[in-house]
Amino acid sequence: MLATTIASSITISFLFCVSFFLLLCSSKNGYALGGGERKTMQGHFHTFQVNSLLPVSVCNPSIKGYGKKATLKVVHKHGPCSHLSLDEANAPNVTQILSEDQSRVNIIHFRLSSNSAQNNILNSSKATLPVNSGASIGTGNFIVTVGLGTPKKDLTLLFDTGSDLTWTQCQPCLVSCYRQQEPIFNPNESTTYKNISCNSAECTQLTSHAGGVIKRCSNSSTCIYGIGYVDQSYSIGFFSKDTLTLTPTDVLPNFRFGCGQSNRGLFGGAAGLLGLARNQLSVVSQTSSMYQKYFSYCLPSTSSSTGHLTFGKGGTSSALKLNFTPFSRNSKNPSFYFVHITGIKVGGRKLSIAKSVFKTTTSIIDSGTVITRLPPAIYSALRVAFRQKMTNYPMTKGLSMLDTCYDLSNNKTVLIPKIRFYFQGNVKVPIYPTGILFGHSVSQVCLAFAGNSNASDVGVFGNHQQKTLEVAYDVTGGKLGFGIGGCS
Ligand SMILES: *[C@@H]1O[C@H](CO)[C@@H](O)[C@H](O)[C@H]1NC(C)=O
Ligand SMILES: *[C@@H]1O[C@H](CO)[C@@H](O)[C@H](O)[C@H]1NC(C)=O
Ligand SMILES: *[C@@H]1O[C@H](CO)[C@@H](O)[C@H](O)[C@H]1NC(C)=O
Ligand SMILES: *[C@@H]1O[C@H](CO)[C@@H](O)[C@H](O)[C@H]1NC(C)=O
Ligand SMILES: *[C@@H]1O[C@H](CO)[C@@H](O)[C@H](O)[C@H]1NC(C)=O
Ligand SMILES: *[C@@H]1O[C@H](CO)[C@@H](O)[C@H](O)[C@H]1NC(C)=O
Ligand SMILES: *[C@@H]1O[C@H](CO)[C@@H](O)[C@H](O)[C@H]1NC(C)=O
């Protein structure tokens, strides 16, 4: 009976949902620039040892950002610092990573476009995927480990500021579970586990504004959720409550999450997903009495380093200065974190574009999108400025949506222009060298930015550009903080 209910939900979710999966800087396939940076005399260029492009197979954890509050270690899901090794053989290559990244951005654009209120199959050229208005956008590529239940069981989850619902695979896996590294959570073994019933107020949270989560109650008295991602990955199961343990001293009873009975996807062996969007279902909202909707993270520069995710103020070292830009209001989607980009400098020079172009641009910051997307006019100007400063190096063919690529195989060291973003409030954010380029071999290294095809689409400040920055989300205070050197 239950399985039937769930099975019919699967059909529904197949129709409505899309799936998503990506990673970057896989130790196998995507190398990121790391290390080897020195300031040049000019000050407007980074110097690289090109061989620092080669992947590192040893984990060098960053010691920054620990010790104070509720802090979790963040690592890239593939790479030497991750203990999830199950899916390494199936790790997507750089082309797949970029194509999945484009799918995620297409979904973001669709969810924010004016006609997305219609609850029907997407009919535009933007995406060939069948999508409903609330389709979820993806799974992110950084992982953290939390405890669930009593006694607690450790679960490694992908964390994503673009998703609201937290879920994990659950026994007895009535329909199916994919392979995961840790034992699958068994509600029977937790003394604090509770089902949420269909007629409770908590169950209705699953509907409106829940960022792509579908609710199915039918005749079962247990509230059922379903969520799908961009490549036919999904999780469907019981909407439940149990104790969430972030750290030994940060324990949250009655945390609401999805207990997945039908799960499919390439989640890299992770047990599920940790939703950090701004809506009421997210961890951020559910922990608001403990942390006042404040969290911060630092994404490591390479997959061989570690970062952190910290809940609450005071987790950031006082030595680290944060500059805050206001979140902009956007009624179209209460889940995403909107910010305003006001300018960009390349090699010390502001892009010469009319201020009005930036003024009319809305952007979001997202932990799950890899490559930063800009309105076409801004991206063109950035590309021109970057190419002008890179004429010493031979260009080569493009890589997916990246159209400014270089063959650096003949050069031991290279000089690349610094790039700095400006956010509202004159907040200057220098992009770490790792975030300027993206490539899979020294013979094809590309500028790691792309243009939107439609000037009216939102920009996305992606995770490749956020690396090593301390990024602090003060949701209650309505502002986003950036600090330099939150991790390495
Ligand atoms: C990536 O994988 C896809 C599918 O397996 C394959 O078609 C493509 O050629 C690969 N690309 C690269 C750059 O290896
Ligand atoms: C999709 O486009 C076709 C033809 O352009 C149109 O007939 C159809 O009504 C559209 N469907 C939706 C759901 O908008
Ligand atoms: C949980 O306990 C019930 C009742 O004892 C049992 O029928 C069921 O098989 C158990 N489920 C799992 C996943 O252990
Ligand atoms: C939760 O609900 C499911 C489906 O109704 C049921 O099989 C399971 O035993 C329930 N678990 C608890 C702890 O109530
Ligand atoms: C659900 O309940 C309705 C009305 O009570 C009934 O007609 C239907 O057959 C039930 N469906 C299932 C799957 O039990
Ligand atoms: C890079 O290598 C090419 C080919 O060997 C060489 O001509 C060029 O001068 C080098 N550029 C720099 C900036 O070192
Ligand atoms: C760009 O988006 C707007 C608003 O969604 C739409 O009206 C317009 O047709 C789109 N333009 C193109 C070229 O797709």
Side-chain angles (χ1 to χ4, degrees), residues 1-10 102 105-118 120-129 131 133 135 148-153 167-177 184-200 202-203 206 215-226 235-244 253-263 330-333 336 338 357 360-364 373-380 401 450-460:
M1 247 278 277
L2 278 168
T4 324
T5 311
I6 292 167
S8 63
S9 306
I10 297 172
Q102 191 56 49
V105 170
N106 289 345
I107 304 301
I108 291 173
H109 288 161
F110 179 70
R111 275 176 64 184
L112 293 172
S113 71
S114 47
N115 61 355
S116 68
Q118 296 169 4
N120 55 25
I121 304 295
L122 176 58
N123 217 4
S124 83
S125 55
K126 269 185 197 169
T128 51
L129 304 151
V131 180
S133 64
L148 188 66
T150 310
K152 83 174 172 74
K153 297 287 162 61
W167 61 266
T168 186
Q169 301 198 99
C170 268
Q171 290 193 42
C173 298
L174 285 173
V175 180
S176 61
C177 285
I184 292 171
F185 184 73
N186 187 347
N188 276 10
E189 291 171 4
S190 172
T191 56
T192 43
Y193 176 88
K194 292 180 204 86
N195 280 335
I196 290 174
S197 82
C198 262
N199 47 24
S200 69
E202 286 160 325
C203 186
L206 281 181
K215 182 183 98 171
R216 283 288 172 271
C217 270
S218 58
N219 294 356
S220 145
S221 61
T222 304
C223 188
I224 290 174
Y225 76 93
S235 176
I236 299 161
F238 306 124
F239 190 43
S240 313
K241 291 190 278 197
D242 207 339
T243 301
L244 178 71
N254 293 317
F255 176 74
R256 298 181 295 286
F257 69 101
C259 190
Q261 299 296 332
S262 174
N263 311 277
N330 191 300
S331 53
K332 274 187 193 160
N333 192 297
F336 293 125
F338 288 88
V357 177
T360 54
T361 300
T362 330
S363 300
I364 63 164
R373 303 305 204 287
L374 297 165
I378 297 177
Y379 176 67
S380 307
M401 77 288 226
N452 285 333
S453 52
N454 191 325
S456 62
D457 281 335
V458 292
V460 183

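Atoms within a ligand are numbered from 1 in the order they appear, just like the ligands themselves.
Numbered from 1 in the order shown, with element, the atoms of ligand 4 that lie under 4.0 Å from a heavy atom of F238 read 3 (C), 4 (C). Atoms of ligand 4 lying under 4.0 Å from any heavy atom of N195, numbered from 1 in the order shown and given with element: 1 (C), 2 (O), 3 (C), 8 (C), 10 (C), 11 (N), 12 (C), 14 (O). Listed by number with element, the atoms of ligand 4 under 4.0 angstrom from any heavy atom of Y193 are 13 (C). Close contacts between ligand 7 and S456 involve ligand atoms 1 (C), 2 (O), 3 (C), 4 (C) [criterion: under 4.0 Å to a heavy atom].
Formation of a donor-acceptor pair under 3.5 Å by the S380 side chain with backbone atoms of P376 is found in this model. Of the possible donor and acceptor atoms, none in the side chain of T222 sits under 3.5 Å from a partner among the backbone N and O of F238.
A donor-acceptor contact closer than 3.5 angstrom links the side chains of K194 and N254.
Heavy atoms only, all atoms of each residue included: K153 and F185 are closest at CB-CD1, 4.5 Å.
An N or O contact shorter than 3.5 Å links T222 to ligand 4 by distance.
Classified by interplanar angle (parallel below 30°, tilted 30° to 60°, perpendicular above 60°), the ring pair Y193/F257 is perpendicular.
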